[in-house]
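Contents: one structure, followed by commentary.
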2 protein chains.
Amino acid sequence: MQDAYTRFAEYVATQRLKMTPQRRHILEVFLGQNGHVTSEELYELVKKSYKTIGQATVYRTLKLLSGSGLAKEVDFGDGVTRYELHGQDHHDHLICERCGRNEEVLDETIEKLQEEVAKRHGFTLTRHKMYLYGLCPDCRG
Amino acid sequence: MQDAYTRFAEYVATQRLKMTPQRRHILEVFLGQNGHVTSEELYELVKKSYKTIGQATVYRTLKLLSGSGLAKEVDFGDGVTRYELHGQDHHDHLICERCGRNEEVLDETIEKLQEEVAKRHGFTLTRHKMYLYGLCPDCRG
DNA sequence: TTAAATGCAAACGATTTGCAGGCGT
DNA sequence: ACGCCTGCAAATCGTTTGCATTTAA
């Protein structure tokens, strides 16, 4: 089982792209995060260990990571794109409307039903997004 | 059973806001649409019957309509906010990744399971978004 | 050597906002 | 009258892009 770094290096190679120090740094910092990060957040983090990095490079690299399958875009609908590690573990999101707390959830039955719904309409399902919004235990007061 | 116009008028009144000709026009055109519209699209449509209308007024009114419960925001994740009539009929979206075709879908079992997932995590569910992406029959080739 | 990558700043597209004048209530 | 509204343009915000210059392969 190869590590994320090797996986990315291979992806970059097969695409005839280049492995640069910037990309290495960004990947490393990204891997160090858990949960999701915005491009902006990652940019700030990367700058600590790579002062001259440009904002655009982070945006571009995050897209690359997304293309390689290492990162996954998630969109909570607030106008900011977030990225999270894309393991083999798919999950959806349960978000507290008051405090923003976010829990990853997964329900296999729902997953299967989604396939069925698509099939019922003649579609071939490739992916889906499901966001559940509500109040978390702490905020329900 | 009161019509949408009256409903909006009442909402506007209770909020101590005003019913203006612009808002009337925008509501009317919005009601004439079926499916979803972007702010931009609605702006273009409204301009036909109200030449001097401003872009900002449409944006502002759409938010108002959303607040009144008459309209509902939907976000396909492409950076544009769409609005659709918010009847009592909730539905989710099945979107073709190639041609953009969009079908409204609803599965009661999924709806119930979503409640359960939330409850399992101690959350009280207030709303959700579910977007299924895939290839429609025509694009599957 | 040479196509790709970088950093910068300017460009972008959707949405928001400040403001002076207008207009429902 | 009093505030809410409007239309306009300028401002924002996240993100993308053009470009001259490096740099990995």
Side-chain angles (χ1 to χ4, degrees), chain A residues 5-6 8-30 36-68 71 73-83, chain B residues 5-6 8-30 36-68 71 73-83:
Chain A
Y5 180 85
T6 310
F8 186 56
E10 277 178 12
Y11 175 74
V12 160
T14 63
Q15 301 294 105
R16 294 214 192 104
L17 305 176
K18 295 168 183 173
M19 185 52 99
T20 66
Q22 289 91 332
R23 288 179 177 170
R24 257 188 287 276
H25 278 255
I26 292 168
L27 171 59
E28 207 148 309
V29 175
F30 177 68
H36 32 76
V37 250
T38 65
S39 212
E40 179 71 33
E41 286 165 355
L42 195 60
Y43 169 59
E44 292 301 333
L45 287 166
V46 170
K47 255 204 306 198
K48 291 180 183 166
S49 54
Y50 201 119
K51 301 287 161 50
T52 64
I53 199 102
Q55 184 122 312
T57 302
V58 177
Y59 272 97
R60 287 188 276 233
T61 303
L62 239 14
K63 276 205 164 172
L64 243 199
L65 286 172
S66 194
S68 80
E73 290 191 6
V74 293
D75 175 11
F76 293 172
D78 63 351
V80 199
T81 303
R82 271 161 251 265
Y83 292 85
Chain B
Y5 180 86
T6 310
F8 186 56
E10 278 177 10
Y11 174 75
V12 160
T14 63
Q15 300 296 105
R16 294 214 192 106
L17 305 176
K18 293 168 184 172
M19 185 53 96
T20 66
Q22 289 89 332
R23 288 179 178 168
R24 257 188 286 275
H25 270 78
I26 292 168
L27 172 59
E28 206 148 308
V29 175
F30 177 67
H36 31 76
V37 250
T38 66
S39 213
E40 179 71 32
E41 285 165 355
L42 195 59
Y43 169 58
E44 291 301 334
L45 287 167
V46 170
K47 256 205 305 199
K48 291 180 184 166
S49 54
Y50 200 120
K51 300 286 161 47
T52 64
I53 200 100
Q55 201 80 285
T57 303
V58 177
Y59 273 97
R60 287 188 276 230
T61 303
L62 239 13
K63 275 206 165 170
L64 245 198
L65 286 172
S66 194
S68 80
E73 290 189 6
V74 294
D75 175 11
F76 293 172
D78 63 351
V80 199
T81 303
R82 271 162 252 265
Y83 293 84

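Close approach of DNA chain D to chain B, defined as any atom under 4.0 Å from a non-hydrogen atom of the protein, starts and stops at D:dG3 to D:dC8.
Residues of residues 10-20 of chain B that place a heavy atom closer than 4.0 Å to DNA chain C, in numerical order, are B:Lys18, B:Met19. Near-neighbour residues of DNA chain C inside residues 51-59 of chain A, defined by a heavy atom below 4.0 Å, number-ordered: A:Thr52, A:Ile53, A:Gly54, A:Ala56, A:Thr57.
Using a 4.0 Å heavy-atom cutoff across all strands shown, B:Arg23 reaches sugar-phosphate atoms only and no base atom. B:Thr38 comes within 4.0 angstrom of no nucleic acid atom, judged by non-hydrogen atoms across all strands.
In this structure, A:His25 places its NE2 atom 15 Å from C1' of C:dA5, rounding to the nearest Å. Straight-line distance from the NZ atom of B:Lys63 to the P atom of C:dA14: 16 Å, rounded to whole Å. In this entry the distance linking OH of B:Tyr43 with P of C:dT16 reads 16 Å, nearest Å.
For B:Ser39 and C:dT15, the shortest distance from a side-chain N or O to OP1 or OP2 is not below 4.0 Å.
For A:Arg82, the side-chain hydrogen bond (donor to acceptor under 3.5 Å, both in side chains) test picks out A:Asp78, with sequence neighbours left out. In this structure, the side chain to side chain contact (heavy atoms under 4.5 Å, CB included) partners of B:Arg60, at least two apart in sequence or on a different chain, are B:Ala56, B:Thr57. Residues passing the side-chain hydrogen bond (donor to acceptor under 3.5 Å, both in side chains) test with A:Thr6, sequence neighbours excluded: A:Asp3.
For B:Tyr83 and B:Pro21, each mapped to the nucleotide of DNA chain C holding its nearest heavy atom, the one lying further toward the 5' end belongs to B:Tyr83. Mapping B:Arg82 and A:Gln22 onto DNA chain C via the closest heavy atom, the residue that lands nearer the 5' end is A:Gln22.
Nearest approach of B:Ser39 to B:Leu62, heavy atoms of both residues: OG-CD2, 3.5 Å.
Helical stems of DNA chain D (runs of at least 3 Watson-Crick or G-U pairs, donor-acceptor distances under 3.5 Å) are listed by first residue: C:1-10 with D:16-25, C:12-14 with D:12-14, C:16-25 with D:1-10.
Side-chain contact between A:Leu42 and A:Val29 is present, with at least one heavy-atom pair separated by less than 4.5 Å. Between A:Tyr83 and A:Glu41, the closest side-chain pair of non-hydrogen atoms is not below 4.5 Å.
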Chi angles and distances behind the side-chain contact (heavy atoms from CB on, under 4.5 Å) call for B:Val58, B:Ile26: CA-CA 7 Å; B:Val58 177; B:Ile26 292 168; 4.1 Å; yes
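Considering CD of B:Glu28 and CG of B:Leu45, their distance stands at 13.0 Å, rounded to 0.5 Å.
Residue pairs meeting the ring-ring contact (aromatic ring centres under 6.0 Å, His included) criterion with at least one partner in residues 36-58 of chain B, sequence neighbours excluded, are B:His25-B:Tyr50, B:His36-B:Phe76. Contacts classified as salt bridge (charged side-chain N to carboxylate O under 4.0 Å, His left out) and involving residues 43-52 of chain A (residues at least two apart or in different chains) are given here: A:Glu44-A:Lys47.
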Donor-acceptor pairs under 3.5 Å, side chain of residues 12-21 of chain B to any protein atom, not counting sequence neighbours: which ones?
from, atom 1, to, atom 2, distance (Å)
B:Thr14, OG1, B:Glu10, O, 3.4
B:Thr14, OG1, B:Tyr11, O, 2.8
B:Thr20, OG1, B:Arg23, N, 3.2

